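Only one structure is covered here, and it is reproduced in the block below.
Nothing here was measured: the structure is a model prediction, and the numbers come from that model. Indexing begins at 1, ligand by ligand and atom by atom, following the structure's order.
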Amino acid sequence: MLKNQEKFTTVEQMEADAARLKELACAACAETWEDRRVKQTPQCNFGENGICCRICSMGPCRITPKASRGICGADAHAIAGRNYLRMAAAGSAAHSDHGREIAHVLHKSSREGSYHVRDEGKLLNLAREWGIPTEGRDIYDIAHEVAEAGLWEYGKPFGTLRFLSRATGERQKLWQELGIAPRAIDREVASSMHMTNMGNTADAEALVRQSLRVGMADGWGGSMMGTEFTDILFGTPTARATEANLGVLEREMVNIIVHGHDPAFSEMVVLAAENRELIEYARSRGAKGINIAGLCCTANEVTMRHGVRMAGNFLQQENALLTGVVEMICVDVQCIFPALGPLAECFHTKFITTSPIARIPGSIYIEFKSETAMEQAKDMVKMAIDNFGNRNEAKIFIPQNKQAAVAGYPCEQIIRELDGVTNSHVDITGSYKPAIDCIKAGVLRGAVAMVGCNNPKVRPDYSHIEIMKELLKNDILIVASGCSAQAAAKAGLLSKDAKYLCGAGLRRVCDLVDIPPVLHMGACVDISRMMLLVTGISRDWGVDITRLPVVGCAPEWMSEKAVAIANYVVATGIDTYLGIEPQVKGSARMMELITEGTRKLTGAGYIINKDPHELVKNIISGIEAKRAALGI
Ligand code: SF4
Ligand code: MSK
């Protein structure tokens, strides 16, 4: 038994909390995804295998043993390939539209308004990178020009994306040669929809190539822009102490949950909750204060900039409301269950939607406008306070489990931590060389980027947590984002005490650098940070990305955004281990293309295994094989 093992929250404990919440709720309130999943079982095999086509009204057409082609003649490979590309395009559109919204907020930033430039250094660096003059100019003039240049990336008629020049020379050359360097972001999304429109591409390989391209329009385009502009507006994150799981909800405080992805509005809610007058007002209404907690990636965003505590990840959103102490759940975009509408009606909870992108029945719609954001946020916080007295005491149950966590390790913070250890060696300051040396020496065997959602097809959080624990035991450092990072946080793996779960080498590194062994890098859009991290390691090591003992893993993914991400990760040359099968199984050609076919193009592909214990063995042997090939 490892020391302090009992400090970590197990999946069994989390499941017991969820079961108790359901048990205490009345029948109407207690319907959650678990019940709906049962009613949806068995799920449609045609959909599961990707061989149902309904892109024209001659269909729907399904591939069966007696019907190997749709009415137009499209075979299983064309149908599965088109469905797959459409998923990647939709995911890329979602992330990139989020990035676009943030670009518009930056474009409207001003000294007087709600939104300011908080990281001037990052803005100036980006302006220089993009050839935008900075000398003698007002910082807001620069911000507006940078934002406008970013917005042009969505629709420029010529050329490829600016951020591609951040990649290694080898990657840039390869992308050009393969013809997958993304052009304007919207163009790649539109081209994908055009290619998959009735009567166009039926060649599976061409569809997979475009999936890589539209994925890169996300990871090296819209997502990267979202990350950069968010840092400029709200500050580049730094490591912060926080807590995670439903135990962060407070019985005696006004609880407001922010949920979704785009931090523009939640940042305002967090600031409004710090307003002294509103805190006094909350006290006057019998509360001890205002408690903001986060769900999904909005949580990741505000956690790493303000230390806001995390109520949980994707499949925990209903459970948060079942506690009966949430005065308000305020959402922006993506990963929001429509189920929150009827569920909120079972409680006193105000369910507030704020974006025309996510309109949900049963919610109060208050469209967020950047011009009036702070006033709107204050009004909402006041509405939540006014709702505090409406709780039904009989419906309250707050599970006590919560874990300490440290969140907020963007590339800049990782470099800073490494510099802290090596500051006597001036020549390596600002590089990843200390980490590379540890990998070369075998003190660390490699690194894994743990990402992605929860999915009821596998036991929620179990795959994330089991895989992470096994990696730590095997001296493999983890960077994490999205709901995977939150699974880690709930289990206690983002705490510095998680070093007790590590092998001797990784534990020594954690002690020396004073970091947790799972580094929280942010939200889903921040997987773009991981691309820059790997690019930096490749440069500092002088070894091509495909040869590094570094891989990605999404054991419980569900979103179309994850398909876009997996495509740009593979295009960047990083093997990606999946615990949920992409819905292309009905086409042997597509299965071959996404596992081995892309490897011939980009040097990386998917490795798929539904069993988390087997998947982690695959990861470890993949990393060891890369080490052996490097001769280390
Ligand atoms: Fe059927 Fe072809 Fe129309 Fe798809 S595009 S629904 S396979 S006829
Ligand atoms: S929130 S995309 S469930 S990681 Fe980014 Fe979580 Fe997946 Fe949404």
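Under a 4.0 Å criterion applied to the non-hydrogen atoms of G452, ligand 2 contributes the atoms 4 (S). Heavy-atom proximity to R82, at under 4.0 Å, picks out these atoms of ligand 1: 4 (Fe), 5 (S). Close contacts between ligand 2 and C296 involve ligand atoms 1 (S) [criterion: under 4.0 Å to a heavy atom]. Near F314, meaning under 4.0 Å from any of its heavy atoms, are these atoms of ligand 2: 3 (S). Atoms of ligand 2 lying under 4.0 Å from at least one heavy atom of C453, given by number and element, are 2 (S), 3 (S), 4 (S), 7 (Fe). Of all atoms in ligand 2, listed by their number and element, those nearer than 4.0 Å to a heavy atom of C483 are 1 (S), 3 (S), 4 (S), 6 (Fe).
Of the candidates Q317, E318, K22, K22 is the only one forming a side chain to side chain donor-acceptor pair (under 3.5 Å) with T32.
In summary, E48 and K457 engage in a salt bridge, as defined by a charged side-chain N under 4.0 Å from a carboxylate O. Contact check on R86 versus E560 returns no salt bridge, with no Lys/Arg side-chain nitrogen under 4.0 Å from an Asp/Glu carboxylate oxygen.
Rounded to 10°, the angle formed at atom 5 (Fe) of ligand 2 by NE2 of H261 and SG of C524 is 120°.
Taking the six-membered ring for Trp and thresholds of 30 and 60 degrees, F265 and F368 have ring planes inclined between 30 and 60 degrees apart.
Counting only N and O atoms by type, the side chains of H306 and E267 include a donor and acceptor under 3.5 Å apart. For N291 and R309, the side-chain atoms include at least one donor-acceptor pair closer than 3.5 Å. With 3.5 Å as the limit, one finds no donor-acceptor pair spanning the side chains of Q334 and D262. Side-chain atoms of S223 and D218 include a donor-acceptor pair closer than 3.5 Å. No hydrogens or angles considered: a donor-acceptor pair under 3.5 Å links the side chains of T236 and D119.
Residue contact check for ligand 2: M558 places a non-hydrogen atom closer than 4.0 Å to it.
Atom 3 (Fe) of ligand 1 has C56 SG as protein N, O or S atoms under 2.8 Å away.
Taking backbone and side-chain atoms together, C335 has an N/O/S atom less than 2.8 Å away from atom 8 (Fe) of ligand 2. Counting backbone and side-chain atoms alike, C297 contributes an N/O/S atom closer than 2.8 Å to atom 5 (Fe) of ligand 2.
Stacking of R305 on the aromatic ring of F234 is not recorded, the 6.0 Å distance cut-off and the 45° axial limit not both being met.
With hydrogens and angles ignored, the 3.5 Å screen pairs no side-chain donor or acceptor of E153 with any backbone N or O of I185.
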